[in-house]
Amino acid sequence: MFKVVLSLSFFSSLALLTIGLYLFQTQRFTISGYSTSYMAIRSNYKMVVAIRTARRQHPTVLGVVKRLASEPSFRDYKLLVWQSYSSADDEEIRQTLEGLGATVFTQRDVYPELSNEDRIKITYGDPLNQVKWRTNHVLDFANLLERSLQYNTDFILMLEDDMLPAKNSLDKVYLSLHYDVPIRADLLGYVTFFSMSQFALPNGMIDITTMIGAEGACALGFHSSFAPRLIKHLRTHPYDNPVDIALWLLIEEDKQLHVFERIPNLFQHIPKESTLIRPKSILNNFEDRSIRFVYDENNNSLLIHPSYDDGYIGCFNDVEIFSDLNGGWVHMSGSYTISNCSAFCMERLYLFMGIQSGS
């Protein structure tokens, strides 16, 4: 009996050790002076969704995350949010994001590359504050991409914090990356799910390797095997280019990597404001939207059309509780104009707007 118990204990311990090693593997890699250790978690997530956010006068990240969190299969995906140094003190937003199921990484300190202004490499003839701004974005992108690797998923979706998702966007992104990319994983640079291009293209997974430039770095899908190479590239040249141009140059240098655009697009840019402090006259020009975005592909429509089974579509003097548009409510003290209502709804990523007692 003693030998039997001992054997069971041995095999139980061995099983626990095996499971532990399977679930957690410590990885370390040094990239351009960075030495990073993290626990690589073997998980059942289909994909990591990683959002970079920075301070905005009118934050959009909560609206984006709320929409993603409302998708039926949201729990199948791991959501990460990177709070840039400029938004590190947004404790309320951080807590709300965590409550919605996001894992939040907050940049508490200035990057070493930006701590000594005399060493910052000025490129494009940009003023110092703009070089610092875009360098911070480059390093945010690299760090968040690195954090995404620890979940050991095949695919990573990198999003900016002002991208409105289509209906069931997460499943559609995953299926597109898993089944629709027509080349081997080692030949894939990235797939963009947003573009500002005005050229007409057919629906499908379109190879745009020779046409890159209109997609930015707004909604990009990667195979995780490409991520370490991209991280190294960004950290080796943090001052040289914005993230999107750095990506294009890496693709061009390789000669074998391909870039695809998924059409219809699955994300729409909310062109409200830049995270770079500029004159308001410049902010008003941020109309970078996709003409290929379709919210609900099943209805072949840009918008959801709600059904009114009871035949009632609302009245101008309804109180809030009876309103068919119940996402948000504001009293504008006499300034009920279409433009003001549109601005209020756009900031909160609402698809519909409505005015009661308006002019």
Side-chain angles (χ1 to χ4, degrees), residues 31 46-52 77-78 80 82 134 137-149 151-161 163 165-166 169-197 199 201 203-237 240-269 288 290 292-293:
I31 301 178
K46 291 181 176 179
M47 178 176 67
V48 171
V49 181
I51 302 176
R52 310 181 314 284
Y77 302 93
K78 181 61 182 180
L80 308 180
W82 183 273
R134 58 179 166 80
H137 278 258
V138 168
L139 296 173
D140 285 350
F141 193 102
N143 286 337
L144 182 55
L145 188 58
E146 182 183 77
R147 298 303 191 282
S148 301
L149 286 174
Y151 294 94
N152 280 337
T153 60
D154 287 336
F155 305 110
I156 300 168
L157 174 65
M158 298 289 288
L159 292 175
E160 292 187 351
D161 64 354
M163 302 302 295
S169 62
L170 297 180
D171 281 345
K172 291 175 181 177
V173 168
Y174 174 75
L175 292 173
S176 295
L177 292 171
H178 196 278
Y179 295 107
D180 297 340
V181 177
I183 59 174
R184 301 195 316 265
D186 60 313
L187 298 178
L188 176 63
Y190 59 88
V191 176
T192 181
F193 297 92
F194 166 82
S195 175
M196 297 171 284
S197 172
F199 294 106
L201 290 174
N203 287 353
M205 189 66 72
I206 308 301
D207 192 326
I208 61 168
T209 308
T210 61
M211 301 182 288
I212 57 177
E215 68 278 5
C218 300
L220 304 181
F222 299 95
H223 193 277
S224 59
S225 60
F226 178 65
R229 181 178 176 186
L230 177 55
I231 294 168
K232 179 178 180 179
H233 179 74
L234 294 176
R235 286 179 171 166
T236 303
H237 311 284
D240 292 3
N241 299 288
V243 173
D244 51 355
I245 296 179
L247 259 172
W248 305 337
L249 292 176
L250 182 58
I251 299 297
E252 290 180 356
E253 290 172 4
D254 185 273
K255 306 298 183 184
Q256 295 186 8
L257 294 173
H258 289 258
V259 175
F260 293 87
E261 178 183 344
R262 196 273 193 187
I263 303 176
N265 289 173
L266 293 175
F267 293 88
Q268 179 66 286
H269 186 219
D288 303 329
S290 169
R292 302 170 182 164
F293 173 76

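Position 1 is the first residue of the sequence, and the numbers go up from there. These numbers come from a predicted model, not from an experiment.
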Inset, instruction - Check the pair Y77 / T153 against side-chain contact (heavy atoms from CB on, under 4.5 Å), numbers first and verdict last. - result: CA-CA 10 Å; Y77 302 93; T153 60; over 6 Å; no
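- Without hydrogens or angle criteria, H233 side chain to A246 main chain gives a donor-acceptor distance under 3.5 Å.
- With a 4.5 Å cut-off on side-chain heavy atoms, D154 and H223 count as touching.
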Legend entry - Test side-chain contact (heavy atoms from CB on, under 4.5 Å) applied to L80 and S148, step by step: CA-CA 8 Å; L80 308 180; S148 301; 3.7 Å; yes
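- Formation of a donor-acceptor pair under 3.5 Å by the R292 side chain with backbone atoms of F199 is found in this model.
- Annotation: side chain of V243 is not in contact with side chain of M158 (no heavy-atom distance under 4.5 Å).
- Side-chain N or O atoms of N265 include none that pairs as donor or acceptor with a backbone N or O of F267 at under 3.5 Å.
- The two atoms that bring T209 and V259 nearest to each other are OG1-N, 2.9 Å, heavy atoms only.
- We find the CE-OG distance between M163 and S169 to be 10.5 Å, quoted to the nearest 0.5 Å.
- A 4.5 Å side-chain heavy-atom check between R147 and W82 finds at least one atom pair inside the cut-off.
- Contact detail for L257 and R229: the closest heavy-atom pair is CD1-NH1, 3.9 Å.
- Residues P264 and N203 have side chains in contact (heavy-atom distance under 4.5 Å, counting atoms from C-beta outward).
- A donor-acceptor contact under 3.5 angstrom links the side chains of R235 and N143, judged on distance only.
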Inset, instruction - Could you check L159 against F194 for side-chain contact (heavy atoms from CB on, under 4.5 Å), going step by step and ending with a plain yes or no? - result: CA-CA 10 Å; L159 292 175; F194 166 82; over 6 Å; no
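- Side-chain N or O atoms of E215 include none that pairs as donor or acceptor with a backbone N or O of F193 at under 3.5 Å.
- For the pair L220 and L247, the minimum side-chain heavy-atom distance is below 4.5 Å.
- For the atom pair CD1 (I208) and OG1 (T192), the distance works out to 6.0 Å, reported to the nearest 0.5 Å.
- In terms of heavy-atom proximity, A227 sits nearest to L149 at CB-CD2, 3.7 Å.
- Note that NZ of K78 is 15.5 Å distant from CG of L157, once rounded to the nearest 0.5 Å.
- Counting only heavy atoms from C-beta outward, the side chains of F260 and D207 approach each other to under 4.5 Å.
- No donor-acceptor pair closer than 3.5 Å links the side chain of S224 to the backbone N or O of F155.
- Using a 4.5 Å heavy-atom threshold, the side chains of L145 and L234 count as separate.
- Ring geometry, H178 versus Y174: the interplanar angle falls from 30° to 60°, so the pair is classed tilted.
- By the 4.5 Å heavy-atom criterion applied to side chains, M205 and S176 are counted as neighbours.
- Nearest heavy-atom pair across H258 and Q256 is CD2-O, 3.1 Å.
- Atom CE of M47 and atom CG of L175 lie 9.0 Å apart (nearest 0.5 Å).
- The two atoms that bring S197 and S195 nearest to each other are N-OG, 3.1 Å, heavy atoms only.
- Atom CD1 of I263 sits about 4.5 Å away from atom CG of L201, to the nearest 0.5 Å.
- Summarising the geometry of D140 relative to R52, their closest heavy-atom pair is C-CD, 4.3 Å, with the distance given to 0.1 Å.
- The distance from the CG atom of L144 to the CG atom of L139 is 12.5 Å, given to the nearest 0.5 Å.
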